[in-house]
Amino acid sequence: MAGGGSLHPRRMNLRSFLHGRIEAAFEAAGVAGAEPMIGVATRPEFGDYQANGAMAAARTARTQPRKLAEGVVEALGDVDFAETLAVAGPGFVNITLSPAFVSAHLANVEIEPTLHPERIVVDYSAPNLAKEMHVGHLRTTIGDAMARILEALGHHVIRQNHVGDWGTQFGMLVAHLEDVQEAAPELKDLEVFYAQARRRFDSDNDFADRARRTVVALQRGDERVRAYWRRFIDISLAHCRSVYEILDITLGDEDLDAESRYNDDLPNVIADLESAGLVTVDDGAKCVFLDELETPLIVQKRDGGYLYATTDLASVRYRSEHYRADRILYFVDSRQSLHFRQLFAVARKAGFARETCKLEHHPFGAILGRDNRPFKTRSGDVVKLADLLDEAVRRARALVTERNPELDSEEADRIARVVGIGAVKYTDVSKHRASDYVFDWDAMLNFDGNTALYLQYAYARIRSLFRRGGIDPRCLTDAPAISNDTERRLGVSLLRFQETLEQAASEALPHYLTGYLHGLAGDFTRFYETCPVLNAPAPVRDHRLKLCALTGETLRKGLGLLGIGTVERM
RNA sequence: GCGCCCGUAGCUCAGUUGGAUAGAGCGUUGGCCUCCGAAGCCAAAGGCCACAGGUUCGAAUCCUGUCGGGCGCGCCA
């Protein structure tokens with residue numbers, strides 16, 4: 001029997017635990033193999049969890065759902081995990097966990113690693129090195145959160161930053177760099193540099209020709225051209241590094257999987273597709289037509305040049321073969337959905353991805369301005385991510401000093417960074433990733449509701465409590481006894497951390513975690529409003545302190561998995 | 001034209017294999033600081049879940065159609 005009610009010192013997935021127990025009870029009640037359908041209770045008065053499986057199971061077993069639900073409750077008998085098991089409505093089984101059970105499982109907050117660790121490639125961020133990172137790259141946060149979550153659950157995560165450092169536009173940039181090298185300071189603004197090169201490319205035929213020859217030279221490995229290209233890439237990468245550092249993104253140089261890396265492999269990709277009989281030449285271009293796809297995937301241009309798709313195919317193969325990935329997760333803009341469907345289909349057909357290697361595109365939506373159009377500055381330029389982050393910190397700084405004028409300047413700076421960056425990242429990751437959202441400073445830095453600040457504030461209050469009491473939370477080793485319903489609810493909330501992480505991981509939806517943390521912080525503040533901690537009598541005081549410590553730890557860890565920091569005071 | 005995604009409170013959004021009276025936050029209205037941080041808590045008001053059919057014990061969720069929106073659709077990435 002799963003779990004068996006035995007006391008386990010680590011985090012548990014409550015949902016899985018209940019699933020096992022109720023499934024067994026269905027069998028004991030005469031319906032084997034029934035799906036128990038465990039979910040969090042839809043209303044507080046229904047308890048903590050509910051099992052909705054009786055209705056469906058009753059049909060196949062040709063019995064009455066309510067009777068079956070009663071049979072399940074009877075089969076469970078006197079269980080240690082529940083205080084009450086109640087049959088309600090047409091056949092719901094409402095489960096209220098017992099204080100003793102909740103208490104016993106709150107001994108610590110270690111995340112339970114998976115029993116089936118996988119090798120998971122997570123592909124995210126992928127800026128175009130020809131330009132500066134813009135507001136859209138804020139969504140790097142999503143992939144980064146998922147990489148952290150999967151890693152925390154014990155998977156072997158291989159981060160891959162598929163930066164765009166190859167192709168036509170680099171011929172243009174390198175040619176321009178050759179000309180203006182004396183004025184290289186212009187490179188301080190990649191955006192300006194790109195615009196200058198572009199203007200020349202569009203208006204000057206000689207330059208355009210030279211740019212095209214430069215691409216060919218680059219791909220051929222011409223040393224002089226390569227040196228210029230390298231110089232440009234280094235400058236651009238330095239810019240990315242600084243943005244990642246400000247944003248606290250866990251991508252480093254070791255995670256780079258640049259397009260240029262596959263340059264030499266592209267002819268092999270074409271040759272292998274051809275020998276697999278997948279290539280059709282159409283209008284001079286090499287295409288792969290598949291029955292399941294309405295449009296072909298072009299893998300080589302009429303002029304012999306390779307495409308994004310070709311590089312991606314090479315990359316899939318590398319990840320499958322070299323990294324032996326069980327799963328490859330792409331956190332990429334939803335506008336590329338069709339591209340990925342084609343890519344995956346062709347990669348499968350060509351045998352570039354092993355049978356056991358799952359390919360998954362997890363799309364995200366766009367960041368819009370208040371006019372519901374792509375977010376731009378007033379002058380119509382793209383918003384640079386670095387500028388946006390500066391502004392977030394500046395606004396947070398003003399807010400922090402206003403609320404708390406006695407903070408010294410250095411601490412206020414530090415808090416402003418954590419709060420400002422946290423607010424922006426939390427906004428990005430707290431919505432369903434597939435939907436577009438409107439970037440709105442007011443909503444974001446209002447710092448109310450489901451925001452990072454609400455969680456950071458709850459955390460700071462907890463830390464303040466321990467400071468004030470002169471207590472080290474690490475000294476509280478005993479599981480907290482639960483003495484009232486508010487405490488029990490907070491306890492259950494704490495126990496749900498594990499199942500939340502597993503759900504976020506299995507669906508690649510980090511907003512499950514923000515929703516959970518917001519609920520946890522709410523349960524905590526309600527507890528904190530009604531239950532005195534430091535002023536409570538001796539045994540209760542320690543138990544409540546332990547609940548505070550566990551909440552603080554879970555908030556810190558949870559925010560940490562989103563790449564968001566906490567502060568001791570704010 | 002075809003394909004994908006979407007349409008939920010005035011606004012921004014949740015709604016986890018179909019489950020009970022559809023939930024938060026903002027905003028609005030009204031309460032709560034001689035007590036651990038009021039960046040907080042409590043309460044009220046606010047919904048034909050775009051529309052119309054269908055599937056079934058049960059639909060915001062699944063299917064079909066209509067309307068409205070976003071995005072994509074062979075030599076960019």
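These numbers were taken from a predicted model, which means no experiment stands behind them. Letters A, B, ... mirror the listed sequences (proteins, then strands); counts begin at 1.
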Hey, are [X] and [Y] close enough for a salt bridge, meaning a charged N less than 4.0 Å from a carboxylate O?
| X | Y | result |
| --- | --- | --- |
| A:Lys67 | A:Glu70 | no |
| A:Arg15 | A:Glu502 | no |
| A:Glu411 | A:Arg569 | yes |
| A:Asp257 | A:Arg261 | yes |
| A:Lys546 | A:Glu487 | no |
| A:Lys425 | A:Asp428 | no |
| A:Glu529 | A:Arg526 | no |
| A:Glu360 | A:Lys358 | no |

To the nearest Å, how far apart are [X] [atom1] and [N] [atom2]?
| X | N | atom1 | atom2 | answer |
| --- | --- | --- | --- | --- |
| A:Glu402 | B:G37 | CD | P | 20 Å |
| A:Phe46 | B:G23 | CZ | C1' | 14 Å |
| A:Arg468 | B:C35 | CZ | P | 11 Å |
| A:His518 | B:U12 | NE2 | C1' | 13 Å |
| A:Tyr437 | B:C5 | OH | C1' | 18 Å |
| A:Glu529 | B:A43 | CD | P | 12 Å |

Open item on the list: Classify A:Cys548 by what it touches in the nucleic acid, base, sugar-phosphate, or nothing, heavy-atom distance under 4.0 Å.
Closed with: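 Nothing, no nucleic acid heavy atom in range.
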Open item on the list: For a quick check of understanding: with a heavy-atom distance under 4.0 Å over all strands, which category does A:Asp283 fall into, base, sugar-phosphate or nothing?
Closed with: base
Would [X] count as stacked on [N] if the rule is ring centres under 5.5 Å and plane angle under 30°?
| X | N | answer |
| --- | --- | --- |
| A:Tyr528 | B:C36 | yes |
| A:Phe92 | B:G19 | no |
| A:Tyr457 | B:G40 | no |

Under-4.0 Å side-chain N/O to phosphate OP1/OP2 contact, [X] with [N]:
| X | N | value |
| --- | --- | --- |
| A:Arg461 | B:A38 | yes |
| A:Ser464 | B:G37 | yes |
| A:Thr525 | B:C41 | yes |
| A:Arg43 | B:A20 | no |
| A:Arg526 | B:C41 | no |
| A:Tyr459 | B:G40 | no |
| A:Arg373 | B:C71 | yes |
| A:Lys301 | B:C76 | yes |

Which value, in whole Å, describes the distance between the [atom1] atoms of nucleotides [N] and [M]?
| N | M | atom1 | value |
| --- | --- | --- | --- |
| B:U61 | B:G54 | P | 14 Å |
| B:A59 | B:G53 | P | 14 Å |
| B:A77 | B:G15 | P | 36 Å |
| B:A24 | B:A45 | P | 13 Å |
| B:G23 | B:U28 | P | 24 Å |
| B:A60 | B:G18 | P | 13 Å |
| B:G3 | B:U64 | P | 11 Å |
| B:C6 | B:U29 | P | 37 Å |

- [ ] Quick one: list whatever passes side-chain contact (heavy atoms from CB on, under 4.5 Å) with A:Ala434, sequence neighbours left out.
- [x]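 With sequence neighbours excluded, A:Ala434 shows a side-chain contact (heavy atoms from CB on, under 4.5 Å) to A:His432, given in chain and number order.
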Ignoring hydrogens and angles, does a donor from either the side chain of [X] or the base of [N] sit under 3.5 Å from an acceptor on the other?
| X | N | answer |
| --- | --- | --- |
| A:Asp165 | B:A77 | no |
| A:Gln50 | B:A20 | yes |
| A:Asp282 | B:C75 | no |

Task: Which nucleotide in B:C36, B:G40, B:C75 has an atom nearest any side-chain atom of A:Ala285 - done: B:C75
TODO: For B:C63, measure the glycosidic angle (O4'-C1'-N9-C4 for a purine, O4'-C1'-N1-C2 for a pyrimidine) and name it syn if it falls within 90° of 0, otherwise anti.
DONE: anti
Task: Residues within residues 335-342 of chain A bordering RNA chain B, heavy-atom distance below 4.0 Å - done: A:Arg335, A:Gln336, A:Leu338, A:Arg341
- [ ] Identify the two heavy atoms, one from A:Arg433 and one from A:Pro363, that lie closest to each other, and give their separation to 0.1 Å.
- [x]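 Minimum heavy-atom separation between A:Arg433 and A:Pro363: NH1-O, 3.0 Å.
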Open item on the list: Ignoring hydrogens, what is the shortest heavy-atom contact between A:Met55 and A:Pro65? Give both atom names and the distance.
Closed with: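 Scanning both residues completely, I find the closest heavy atoms to be CA-CB, 3.9 Å.
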Task: Nearest-nucleotide comparison on RNA chain B, the residue closer to the 5′ end among A:Arg59 and A:Pro90 - done: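 Its nucleotide being nearer the 5' end, the pick is A:Pro90.
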Task: Steps toward side chain to side chain donor-acceptor pair (under 3.5 Å) verdict (A:Asn450, A:Tyr426) - done: CA-CA 9 Å; A:Asn450 187 11; A:Tyr426 191 91; 2.5 Å; yes
- [ ] Only stems of 3 or more consecutive Watson-Crick or G-U pairs count here, both distances under 3.5 Å; name the ones for RNA chain B, or none.
- [x] B:1-7 with B:67-73, B:10-13 with B:23-26, B:28-32 with B:40-44, B:50-54 with B:62-66
Task: Interatomic distance, A:Thr500 atom OG1 to A:Tyr512 atom OH [nearest 0.5 angstrom] - done: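 Between atom OG1 of A:Thr500 and atom OH of A:Tyr512 there are 10.5 Å.
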Open item on the list: Could you check whether any side-chain N or O of A:Thr551 sits under 3.5 Å from a backbone N or O of A:Leu547, counting only pairs where one atom can act as donor and the other as acceptor?
Closed with: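 Confirmed, A:Thr551 side chain pairs with A:Leu547 backbone.
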Task: Check: A:Thr295 main-chain N/O paired with A:Gln342 side-chain donor or acceptor under 3.5 Å - done: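 Looks like yes, one N/O pair under 3.5 Å.
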Would you tabulate the nitrogen or oxygen pairs shorter than 3.5 Å linking the protein to nucleotides 28-31 of chain B?
none

Measure all distances between protein nitrogen or oxygen atoms and nitrogen or oxygen atoms of nucleotides 14-17 of chain B, and list the pairs falling under 3.5 Å.
| residue | atom | partner | partner atom | Å |
| --- | --- | --- | --- | --- |
| B:A14 | OP1 | A:His432 | N | 2.7 |
| B:A14 | OP1 | A:Ser435 | OG | 3.4 |
| B:A14 | O3' | A:His511 | NE2 | 3.4 |
| B:G15 | OP1 | A:His511 | NE2 | 3.0 |
| B:U16 | O4' | A:Tyr512 | OH | 3.3 |
| B:U16 | O2 | A:Gln503 | OE1 | 2.7 |
| B:U17 | O4 | A:Glu35 | OE2 | 3.0 |

Just the atom pairs and distances: protein N or O near nucleotides 44-46 of chain B's N or O, under 3.5 Å.
none

Open item on the list: Tell me which one of A:Phe193, A:Tyr194, A:Trp166 satisfies ring-ring contact (aromatic ring centres under 6.0 Å, His included) with A:Phe232.
Closed with: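 Going through the options one by one, the only one that passes is A:Phe193.
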Open item on the list: Between A:Ile471 and A:Leu545, does the side chain to side chain contact (heavy atoms under 4.5 Å, CB included) criterion hold? Intermediate values first, please.
Closed with: CA-CA 9 Å; A:Ile471 298 153; A:Leu545 278 166; 3.5 Å; yes
